[in-house]
Protein chains: 2
Amino acid sequence: MSRNPDSGLQRLILDTARKLLFTEGYARLSMRKIAQRIGYSATSIYLHYGNKDELVHALIDEGVDLLHEELCAAYDGSQEPIEQLSEMFLAYINFGLTRPEYYEIMYVLHPEYMTRYPAEKYRKARRNLEMIASAISSGVKSGQFETHDPMLCANLAWTQLHGVVTLLNSERVDKRIPSETLIAASGSHIIRSLLKNQTQVEV
Amino acid sequence: MSRNPDSGLQRLILDTARKLLFTEGYARLSMRKIAQRIGYSATSIYLHYGNKDELVHALIDEGVDLLHEELCAAYDGSQEPIEQLSEMFLAYINFGLTRPEYYEIMYVLHPEYMTRYPAEKYRKARRNLEMIASAISSGVKSGQFETHDPMLCANLAWTQLHGVVTLLNSERVDKRIPSETLIAASGSHIIRSLLKNQTQVEV
DNA sequence: CTATTAACTTAACAGTGTTAACCCCTTCGG
DNA sequence: CCGAAGGGGTTAACACTGTTAAGTTAATAG
């Protein structure tokens, strides 16, 4: 039940869980499989993680940090709000598409199935939205963007990005629409809606 | 294995499955529970549905029809493209929020968990997108909308709506943002991006 | 040397989807 | 009228799942 990933075995469990999550997907991730793969009995895992959800929460933590890092890199890559935003949008979608397993446990799985992901950690995930809102704010200050509620706009952007990621990952988007087209369009679409004048944005 | 819902029991199974889906959610929907509730053995279900996925597919069919009906009603409620669209957007989000279980099996569940929902039925689900695209097209013809690819725009709208529905349903949106605000903003946001001039749209 | 404790195991419970084998009853052919 | 066929249903079983209780083993502390 100790939450720091020391003790050797804890690390091993987490690493194996992550590997299994990636190769087999969440649906086929089981305590027994993890245990078997590291040569321990299934119940040993319960000495380090109270239950499966706690283990998955640890994986979510990893994913949250990873996404945050990549968004930060995108944000820090420029001073220009528009560039910052479009880079962050691309980073977000890229994360979702290249790490669908992380994305699934972070943003798709019904919380009802899972014991609640601790509220304090949700705050950590919220940093990302605040970063988007901050870029929007500076765009408003510099006079490029219309003055709207930045946090509402950030959430609007997020829902758009989330929709793109999940519908692409679940292969529900008509294949006649290339994903690159949809991704580019969604990014420029969000930014265009923020702009003051009718300037077209290429992404 | 007969696919027409006659034979009495088939109806009964489907009705009970739907009820259980609504009260307990997909995660807790089990063949044995359905059977128990109607006083049959679990294996009887397999005389009418090849497996659990086939049963869920039947439920998806219901959901697809229901959503389509509500979108049609919204579409038929007006001749004005903007009104048609905003009514359809509201109808879509409303369906997703009031029937989260239908929405989940239709648009959220990983197809990987489930044997593929038959391709021909996906076409049925695609009617909805075509209806949105059609409204956009007539808006373009009437000169209200910028000339973009209507099908791409319809998909862009869909991803936005889907994002709103799923993030609201999974309670991942910060409660400080009222869902009504987000819903209204997403609708007007989509429509604004279609417009030729900077006209603000109230929704 | 004994007592405690940490690390780990096996056995078991209650649940899941699914298959195989069987049973009973109706219907139909000869 | 009797036997075969078959539909509609059953029970038992397999191979899984997460999780708990109880037991074992080894190291460490007093």
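Letters A, B, ... are given to chains in the order of the sequence lines, protein chains preceding strands, and every chain is numbered from 1.
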Would you classify [X] as touching base, sugar-phosphate or nothing, given that sugar-phosphate means primed atoms plus P, OP1 and OP2, and contacts are heavy atoms under 4.0 Å?
{"X": "A:S30", "answer": "sugar-phosphate"}
{"X": "B:L55", "answer": "nothing"}
{"X": "A:L29", "answer": "sugar-phosphate"}

Rounded to the nearest Å, what distance is computed from the [atom1] atom of residue [X] to the [atom2] atom of nucleotide [N]?
{"X": "B:M31", "N": "D:dT10", "atom1": "CE", "atom2": "C1'", "value": "16 Å"}
{"X": "A:L47", "N": "C:dT5", "atom1": "CG", "atom2": "P", "value": "16 Å"}
{"X": "A:R28", "N": "D:dC16", "atom1": "CZ", "atom2": "C1'", "value": "13 Å"}
{"X": "B:I45", "N": "C:dT19", "atom1": "CD1", "atom2": "C1'", "value": "15 Å"}
{"X": "A:Y46", "N": "C:dT9", "atom1": "OH", "atom2": "P", "value": "14 Å"}

Can [X] and [Y] be counted as having a side-chain donor-acceptor contact under 3.5 angstrom?
{"X": "B:Q160", "Y": "A:T159", "value": "yes"}
{"X": "A:Y103", "Y": "A:Y92", "value": "yes"}
{"X": "B:S170", "Y": "A:H110", "value": "no"}

**Prompt:** Taking only side-chain nitrogens and oxygens of B:H48, does any of them come within less than 4.0 Å of OP1 or OP2 of D:dG9?
**Reply:** yes
**Asked** Which residues pass the side chain to side chain contact (heavy atoms under 4.5 Å, CB included) test with A:K33, sequence neighbours left out?
**Response**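 A:L20, A:E24, A:R28, A:S30.
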**Item:** By side chain to side chain contact (heavy atoms under 4.5 Å, CB included) - contacts of B:S134 (at least two apart)
**Value:**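 B:Y75.
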**Asked** Is the gap between the ring centers of B:H148 and A:H189 under 6.0 Å?
**Response** no
So which protein N/O to nucleotides 12-14 of chain D N/O distances come out below 3.5 Å?
residue	atom	partner	partner atom	Å
D:dA13	N6	B:R32	NH2	3.2

**Message:** Nearest heavy atom decides the nucleotide; on that basis, is B:A42 or A:A42 closer to the 5' end of DNA chain D?
**Reply:**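 Of the two residues, B:A42 wins.
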**Fill in**
With five pairs defining each end axis, the helix from C:dC1-D:dG30 to C:dG30-D:dC1 comes out bent, to 10°, by 30°
**Message:** Applying salt bridge (Lys or Arg N to Asp or Glu O under 4.0 Å) as the test, list every pair that has at least one member in residues 63-80 of chain A; sequence neighbours left out.
**Reply:** A:D65-A:K124, A:D65-A:R127, A:E70-A:R99
**Item:** Side chain B:T23, main chain B:K19, donor-acceptor under 3.5 Å
**Value:**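 Yes; judged by distance alone, with no hydrogens or angles, the pair exists.
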**Closest listed nucleotide, where the reference is the side chain of B:S44 and the choices are D:dT19, D:dT17, D:dG9** = D:dG9
**Item:** Partner residues of B:E62 under the salt bridge (Lys or Arg N to Asp or Glu O under 4.0 Å) criterion, sequence neighbours left out
**Value:**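 Testing B:E62 for salt bridge (Lys or Arg N to Asp or Glu O under 4.0 Å), a comparison that skips the adjacent residues, returns B:R18.
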